[in-house]
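Single-structure report; data block below.
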Amino acid sequence: TPLTGSYNWDYRVQDDRIRKLYELGKQLNWNVETDIDWNKPRTRLTPEQRDAIVAFKGYGPYEALSEEQKQEFAEHENVWTLSQFLHGEQGALLVASQLTSCAPTLNAKLYAASQTFDEARHVEVFNKYLQTKAGYMYPVDPALKSLLDKILTDPRWDLKFIGMQLVIEGLALSAFTTMKATTPKGELLNDIVELVLRESNEILRSRPNVLIAEHRLGHILANAGIDRSNLAGSDDAALLLPVDPDASAAKLRERLQSD
């Protein structure tokens, strides 16, 4: 992997936003062994919960399965998803460790180091769940492996940063949010995802002039969806996302269709 390390002998604070992320990371540390009740059984969905989230509902071959086969299929689908979480977190761990070496500023190095520890914890927790509760796991998906390879082998530190934060972490956060919403509260898997998400709320990542944030609607957006680029000639106004984007989109569609 081509990588150019970077010393930084200037220990003054260069970017308060990144420093705040570093401080937040220190406050939100948790321990895989002591902060999770591993005596809880493996999370199993009821048929109703399963049918609400399974991707193949309505597909003929899936509907032809017996109830027992559907349950087994759902469990394997869940283990496959968790396996990709695990593999993706290992990729994020490797990229974060690279950034610790090659990031050009002190605060960026400190933040990358704290994130390396976060990713290590995520690898640990998903691995433990799969090893001790599921008893098996699936290999890395070729598409995910190809994505990780591209990010890890790129020699440019800023593209590694973008690749990890916007692609790997952005996709993972969306999947974690969905799993949390569809897993019964109080179940072991819900507890695990809740702890992982606790490190990803509100301001998720920072770059000069850009904050990657979780919007109140749950979407992951640059600057929380606040946009000034389409307001020519106005320096004191900004566009926000609608209160209900889906409803607003539906009204626009109806209006366009009527015209």
Side-chain angles (χ1 to χ4, degrees), residues 18 20-45 49 53 75 77-97 99-100 110-138 140 144 148 164-206 211-221 224:
I18 295 182
K20 288 176 182 177
L21 289 175
Y22 173 62
E23 294 297 330
L24 182 64
K26 291 192 292 185
Q27 296 170 19
L28 296 179
N29 278 334
W30 49 276
N31 190 310
V32 172
E33 296 298 330
T34 60
D35 290 328
I36 295 173
D37 183 3
W38 290 102
N39 291 319
K40 289 184 178 181
R42 175 184 175 184
T43 300
R44 297 185 185 278
L45 300 179
Q49 293 166 338
I53 63 172
E75 290 181 1
E77 184 180 41
N78 180 255
V79 169
W80 182 89
T81 299
L82 291 173
S83 298
Q84 303 320 306
F85 285 173
L86 172 59
H87 303 317
E89 294 292 357
Q90 183 193 169
L93 168 65
L94 296 176
V95 178
S97 67
L99 286 170
T100 303
L110 293 178
Y111 175 57
S114 70
Q115 188 167 4
T116 302
F117 184 53
D118 289 344
E119 305 304 348
R121 190 164 49 239
H122 299 169
V123 169
E124 179 186 2
V125 74
F126 285 118
N127 181 54
K128 180 161 184 173
Y129 183 87
L130 288 168
Q131 296 280 2
T132 64
K133 299 300 180 180
Y136 64 98
M137 67 178 64
Y138 281 88
V140 62
L144 175 59
L148 296 175
M164 180 174 69
Q165 311 299 4
L166 297 186
V167 182
I168 301 176
E169 293 293 300
L171 291 173
L173 184 59
S174 176
F176 292 155
T177 302
T178 299
M179 180 165 285
K180 180 177 182 296
T182 55
T183 305
K185 190 170 180 60
E187 293 279 349
L188 175 59
L189 191 53
N190 187 275
D191 293 346
I192 291 172
V193 175
E194 173 110 23
L195 284 171
V196 173
L197 282 173
R198 195 175 77 181
E199 298 173 329
S200 307
N201 285 335
E202 298 181 352
I203 304 302
L204 306 174
R205 302 291 182 257
S206 170
L211 293 177
I212 306 304
E214 181 180 0
H215 190 267
R216 57 180 172 75
L217 298 173
H219 307 310
I220 309 305
L221 302 166

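The line from NE2 of H87 to CG of L82 is 10.5 Å long, rounded to the nearest 0.5 Å. For the atom pair Q131 CD and K128 NZ, the distance stands at 11.0 Å (nearest 0.5 Å).
Between E187 and K40 there is no salt bridge, since none of the side-chain N atoms of the basic residue sits less than 4.0 Å from a carboxylate O of the acidic one.
Between W30 and H122, the closest heavy-atom pair is CZ2-CD2, 4.1 Å. The minimum heavy-atom distance between S97 and L94, with the atom names listed, is OG-O, 2.6 Å. The two residues V193 and K180 have their closest heavy-atom pair at CG1-CB, 3.8 Å. Taking each heavy atom of E89 and E119 in turn, the nearest pair found is OE1-OE1, 2.5 Å. Shortest non-hydrogen contact noted between A120 and L93 is N-CD1, 3.9 Å. Smallest separation of non-hydrogen atoms from V79 and A134: CG2-CB, 3.9 Å.
N78 has its side chain out of reach of L45: every pair of non-hydrogen atoms, C-beta onward, lies at least 4.5 Å apart. A 4.5 Å side-chain heavy-atom check between M137 and N127 finds at least one atom pair inside the cut-off. With contacts defined as side-chain heavy-atom distances shorter than 4.5 Å, the pair L195/V125 does not qualify. Side chains of N29 and F117 form a contact here, defined as non-hydrogen atoms less than 4.5 Å apart.
Each of T43, I192, L188 was checked for a side-chain contact (heavy atoms from CB on, under 4.5 Å) with T183, and the lone residue meeting it is T43.
Looking only at distances, a side-chain donor or acceptor of W38 sits under 3.5 Å from a matching main-chain atom of V32.
Open room surrounds CD on Q90; 12 or fewer heavy atoms of other groups in view lie less than 6.0 Å from it.
Every ring pair (Phe, Tyr, Trp, His ring centres under 6.0 Å) that F85 has, sequence neighbours left out, goes to F126, F176.
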